[in-house]
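In what follows, a single structure is set out as structure tokens and then discussed.
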Amino acid sequence: MMKKDGKIYVAGHRGMVGSAILRSLERNGYRNIITRTHSELDLTRQDQVEQFFAQEKPDYVFLAAAKVGGIIANSEALADFMYDNMILEMNVIHEAWKNNCEKLLFLGSSCIYPRMAPQPMKESCLLTSELEKTNEAYALAKISGLKYCEFLNRQYGTDYISCMPTNLYGPNDNYHPTHSHVLPALIRRFHEAKEQGLTEVTCWGTGSPLREFLYVDDLADGCVFLMNHYSGNETVNMGTGKELTIRELTELVAQVVGYKGEIRWDHSKPDGTPRKLLDVSKLEGLGFHYKTELPEGIRLTYEDFLNNPMRAER
């Protein structure tokens with residue numbers, strides 16, 4: 001169990017996941033929390049990370065910092081996604097170990113699993129076959145991070161754990177028109193179409209891939225739960241165990257936003273992985289279950305979009 005007065009470092013606290021972890025920690029009575037902005041601490045700079053950990057010596061670390069993006073961003077910046085993510089996670093995990101951090105949680109992504117993994121995907125299917133090419137660079141970096149945690153545990157007896165979230169969405173998401181993930185991108189697209197009075201919206205692909213979505217505050221509660229109730233070398237899937245097609249998601253987002261025009265599909269654009277559903281039996285066996293259903297989560301996310309207009313410019 002994390003001590004209530006223990007010093008907790010949340011890496012990436014300004015992002016969607018990190019800010020949700022901050023909210024969850026505060027809801028659960030943790031107050032000794034330290035953060036740094038990117039301008040204050042560049043996690044890709046080894047010297048800066050060394051100095052930070054030597055000075056602060058946190059007892060617990062939530063490693064939520066990452067370079068993230070959707071299909072376009074991943075395909076256009078393969079080297080950047082691999083380098084930035086691998087460097088920052090190795091710097092943080094290594095310095096946590098050097099400075100005797102009691103426990104660390106590394107946040108990965110469901111894209112670490114093989115493209116054609118048996119569905120729903122169990123934690124044990126990691127590295128059993130080929131990755132999805134559209135996000136291979138990001139996946140390889142995340143696999144390196146979770147394996148480094150495992151190897152530190154095995155070699156030095158640390159208590160460093162990892163969790164693999166499914167597709168996330170919620171407050172403080174990135175709504176960029178080309179560099180965001182599918183759900184926030186749809187929120188922006190349908191909102192702008194409604195505002196401009198457009199009679200139709202064209203979406204990428206066929207709409208047939210199946211996806212699972214988890215509200216980010218449920219993820220954050222799950223992360224705090226794991227830090228208090230789980231130790232082990234194997235990662236833990238974090239999701240809902242439910243899925244829907246991208247077409248169904250698109251129609252749901254349009255309904256929540258209030259867009260009533262026609263939705264068309266550009267079949268010349270890529271779909272990505274055909275299906276991604278996590279097996280969450282391990283997480284549920286530990287005693288954790290998500291709370292927020294998708295329609296309510298999309299409504300809350302759209303409210304966040306409307307209430308924070310500058311976010312749409314990112």
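These numbers come from the heavy atoms of this one structure, side chains and all, not from hydrogens, waters or symmetry mates.
Note on F225: it clusters hydrophobically with M2, by side-chain heavy-atom contacts below 4.5 Å among ILVMFWY residues. Hydrophobic cluster membership is shared by L226 and I21, with clusters built from Ile, Leu, Val, Met, Phe, Trp and Tyr side chains linked at under 4.5 angstrom. Residues L277 and L283 fall into different hydrophobic clusters, defined by Ile, Leu, Val, Met, Phe, Trp and Tyr side chains chained together at heavy-atom separations under 4.5 Å. Both L249 and I187 sit in one connected hydrophobic cluster of ILVMFWY residues. Membership requires side-chain heavy atoms under 4.5 Å apart, directly or through other members. Taking hydrophobic clusters as Ile, Leu, Val, Met, Phe, Trp and Tyr residues chained together by side-chain heavy-atom distances below 4.5 Å, I8 shares a cluster with V17.
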key: Intermediate values then yes/no, salt bridge (Lys or Arg N to Asp or Glu O under 4.0 Å), R27 and D217   = CA-CA 11 Å; R27 285 195 301 269; D217 283 78; 3.7 Å; yes
message = Checking Y148 against H94 for the side chain to side chain donor-acceptor pair (under 3.5 Å) test, could you report, in this order, the C-alpha distance in whole Å, the side-chain angles of both residues, the deciding distance, and whether it holds?
response = CA-CA 9 Å; Y148 188 44; H94 187 68; 2.8 Å; yes
task = Mind running side-chain contact (heavy atoms from CB on, under 4.5 Å) on L278 and S110 for me, showing each step along the way?
result = CA-CA 8 Å; L278 295 182; S110 60; 3.9 Å; yes
request  = Start with the C-alpha distance between F213 and V182, add both sets of side-chain angles, then the distance that settles side-chain contact (heavy atoms from CB on, under 4.5 Å), and finish with yes or no.
outcome  = CA-CA 10 Å; F213 294 91; V182 59; 3.9 Å; yes
key: Pair N167-K276, side-chain contact (heavy atoms from CB on, under 4.5 Å): steps then yes or no   = CA-CA 9 Å; N167 299 291; K276 287 205 305 183; 4.3 Å; yes
Trace of the side chain to side chain donor-acceptor pair (under 3.5 Å) decision for K103 with Y230 = CA-CA 11 Å; K103 193 161 188 173; Y230 177 72; over 6 Å; no
task = Could you walk me through whether I93 and Y160 pass the side-chain contact (heavy atoms from CB on, under 4.5 Å) test, one step at a time?
result = CA-CA 9 Å; I93 298 168; Y160 293 175; 4.2 Å; yes
message = Run F52 and Y9 through ring-ring contact (aromatic ring centres under 6.0 Å, His included) and show every step you take.
response = CA-CA 11 Å; F52 168 76; Y9 170 46; 4.6 Å; yes
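Ring-plane geometry between Y156 and W97 is classed as tilted, the angle between the planes lying from 30 to 60 degrees on a 0 to 90 degree scale.
The distance from atom CG of L43 to atom CD of E95, rounded to the nearest 0.5 Å, is 11.0 Å. The CG atom of L168 sits 8.0 Å away from atom OG of S109, with the distance rounded to the nearest 0.5 Å. A distance of 10.5 Å separates CG in N91 from CG in L63, rounded to the nearest 0.5 Å. In this structure, K3 NZ and N228 CG are separated by 11.0 Å, a value rounded to the nearest 0.5 Å. The OH atom of Y259 sits 12.0 Å away from the NZ atom of K194 when rounded to the nearest 0.5 Å. Note that CG of D271 and CD1 of I246 are 8.5 Å apart. Values are rounded to the nearest 0.5 Å.
At a threshold of 4.5 Å between non-hydrogen side-chain atoms, the residues L104 and T158 do not count as touching. In this structure, the side chains of V61 and L105 stay at 4.5 Å or more apart for every pair of heavy atoms. Using a 4.5 Å cut-off on side-chain heavy atoms (C-beta onward), I298 and L252 make contact. Using a 4.5 Å cut-off on side-chain heavy atoms (C-beta onward), M121 and D279 make no contact. In this structure, F288 and D221 have side chains that are in contact, with non-hydrogen atoms separated by less than 4.5 Å. Between D59 and C101 there is no side-chain heavy-atom pair separated by less than 4.5 Å. A 4.5 Å side-chain heavy-atom check between N32 and L25 finds every atom pair outside the cut-off. Taking 4.5 Å as the limit, every side-chain heavy atom of L22 sits out of range of all side-chain heavy atoms of F62.
Using a 4.0 Å cut-off between charged nitrogen and carboxylate oxygen, K7 and E56 count as a salt-bridge pair. Between D218 and K291 there is no salt bridge, since no side-chain N of the basic residue sits under 4.0 Å from a carboxylate O of the acidic one. Salt bridge present: R45 and D47 bring a charged side-chain N and a carboxylate O closer than 4.0 Å. With respect to the salt-bridge test (charged N to carboxylate O, under 4.0 angstrom), the residues K282 and E284 do not qualify. A salt bridge between R23 and E26 is absent, with no side-chain N of the basic residue lying under 4.0 Å from a carboxylate O of the acidic one. Salt bridge status for E243 with R275: present, with a side-chain N to carboxylate O gap under 4.0 Å. Between R154 and E150 there is a salt bridge, since at least one side-chain N of the basic residue sits less than 4.0 Å from a carboxylate O of the acidic one.
The heavy-atom pair separating G18 from V10 by the smallest distance is O-CG1, 3.8 Å. Considering all non-hydrogen atoms of both residues, A139 and C111 come closest at CB-O, 3.3 Å. Residues L286 and H229 approach most closely at CD2-O, 4.3 Å, considering heavy atoms. In terms of heavy-atom proximity, K142 sits nearest to A66 at NZ-CB, 3.7 Å. Taking all atoms of both residues into account, the shortest heavy-atom contact from N172 to S19 is ND2-OG, 3.3 Å. Scanning both residues, C125 and Y113, for their nearest heavy atoms gives SG-CD2, 3.4 Å.
With a 6.0 Å cutoff to the six-membered ring centre and a 45° limit on the axis angle, K4 counts as a cation-pi contact of Y30.
Although no hydrogens or angles enter the test, the distance criterion places no donor-acceptor pair under 3.5 Å between the side chain of D42 and the main chain of H38. At distances below 3.5 Å, not a single donor-acceptor pair connects side-chain atoms of S144 with backbone N or O atoms of M86. Under a 3.5 Å cut-off, the side chain of E248 and the backbone N or O of T245 do form a donor-acceptor pair. With hydrogens and angles disregarded, a donor-acceptor distance shorter than 3.5 Å links the side chain of E212 to the backbone of G241.
Around CD of Q255, the count of heavy atoms belonging to other residues, nucleotides or ligands within 6.0 Å does not exceed 12. Other residues, nucleotides and ligands contribute at most 12 non-hydrogen atoms within 6.0 Å of the NZ atom of K260. Heavy atoms of other residues, nucleotides or ligands lying less than 6.0 angstrom from CD of E130 number 12 at most.
Applying the side-chain hydrogen bond (donor to acceptor under 3.5 Å, both in side chains) definition to pairs two or more places apart or across chains, none involves residues 78-89.
Between Y302 and H191, the distance separating the two ring centers is shorter than 6.0 angstrom. Taking the six-membered ring wherever Trp is involved, the centroid distance between the rings of Y169 and Y215 falls below 6.0 Å.
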